[in-house]
Amino acid sequence: MVGDVRLTLCMSFDHFIDSMFERDDFAQIIFDLTEAEAIDSTTLGLMAKISILADQRKQLRPVIISTAAGINRLLDSMGFSEIFDIVKESPESFECDTCLEAEELDEHQARQKVLEAHRILMDLNEENRETFRDLVKTLEDV
């Protein structure tokens, strides 16, 4: 993930998740966040979705590579050390074989993805439940 990773990639990311688990031809999942400047909570929720599905379907624990102190604090605060192996140094070599392009999404789709992602985050721990309770309630009421 590169730059400021936001909601705009959520549909592409979600479609990638679906196709990845449909193919079932993977043995490892690695998130390289070394070039990420920021990651929004919707993206974090979809990352958590991948980790949960990987554990349920393949007994895999995904890896996050992150060298930025701020992003590492965010990952810790979300409880990601419970569902990911977090590596805080860059590997010697690592190549990305999949790049996602932002797909068009309408307001309803965006709201549904944001809602799904935040429900997943809320299920990780009590602190997340408190943090995202009002947002989820607001989205549910729309």
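As the structure is a computational prediction, the values presented were derived from the model and not from experiment. Positions are given from 1 along the sequence.
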Minimum heavy-atom separation for [X] and [Y], please, with both atom names.
X     : Y      : value
Gly45 : Ile120 : O-CG2, 3.7 Å
Ser41 : Leu121 : O-CD1, 3.3 Å
Leu46 : Ile17  : O-CD1, 3.7 Å
Arg57 : Phe21  : NH1-CB, 3.3 Å
Ser77 : Asn125 : O-ND2, 4.4 Å

Is it true that a side-chain atom of [X] and a backbone atom of [Y] form a donor plus acceptor pair closer than 3.5 Å?
X      : Y     : answer
Asn72  : Ala68 : yes
Asp55  : Leu60 : no
Ser51  : Ala48 : no
Asn128 : Met78 : yes
Arg61  : Glu82 : yes

Starting at [atom1] of [X], measure out to [atom2] of [Y] and round the result to the nearest 0.5 Å.
X      : Y      : atom1 : atom2 : result
Gln112 : Glu107 : CD    : CD    : 11.0 Å
Leu139 : Glu116 : CG    : CD    : 12.5 Å
Phe31  : Phe84  : CZ    : CZ    : 5.0 Å
Thr42  : Leu115 : OG1   : CG    : 10.0 Å
Ile71  : Ile65  : CD1   : CD1   : 13.0 Å
Glu89  : Thr67  : CD    : OG1   : 10.0 Å

Quiz item: With a cut-off of 6.0 Å (strictly less than), are more than 12 heavy atoms of other residues, nucleotides or ligands near CD of Glu140?
Solution: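 Enclosed.
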
Quiz item: Taking atom CD of Glu127 as the centre, does the number of heavy atoms from other residues, nucleotides or ligands within less than 6.0 Å exceed 12?
Solution: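 It does not: Glu127 CD has 12 such atoms or fewer within range.
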
Exercise. Applying salt bridge (Lys or Arg N to Asp or Glu O under 4.0 Å), run through Lys58 and Asp24 and close with a yes or a no.
Key: CA-CA 9 Å; Lys58 295 187 73 112; Asp24 196 38; 3.1 Å; yes

Practice problem: Dump the intermediate steps for salt bridge (Lys or Arg N to Asp or Glu O under 4.0 Å) on Lys137 and Asp141, then the final yes or no. | Solution: CA-CA 6 Å; Lys137 175 136 179 49; Asp141 291 344; 3.0 Å; yes

Self-check item: Trace of the side-chain contact (heavy atoms from CB on, under 4.5 Å) decision for Val136 with Met122
Solution: CA-CA 9 Å; Val136 168; Met122 287 175 69; 3.4 Å; yes

Quiz item: Can you list the steps and then say if Asp14 with Lys113 is a salt bridge (Lys or Arg N to Asp or Glu O under 4.0 Å)?
Solution: CA-CA 8 Å; Asp14 203 48; Lys113 286 299 141 200; 2.6 Å; yes

Quiz prompt | Hydrophobic cluster identity match, Val2 and Val5, side-chain contacts under 4.5 Å | solution =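 No: no chain of side-chain contacts under 4.5 Å links Val2 to Val5.
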
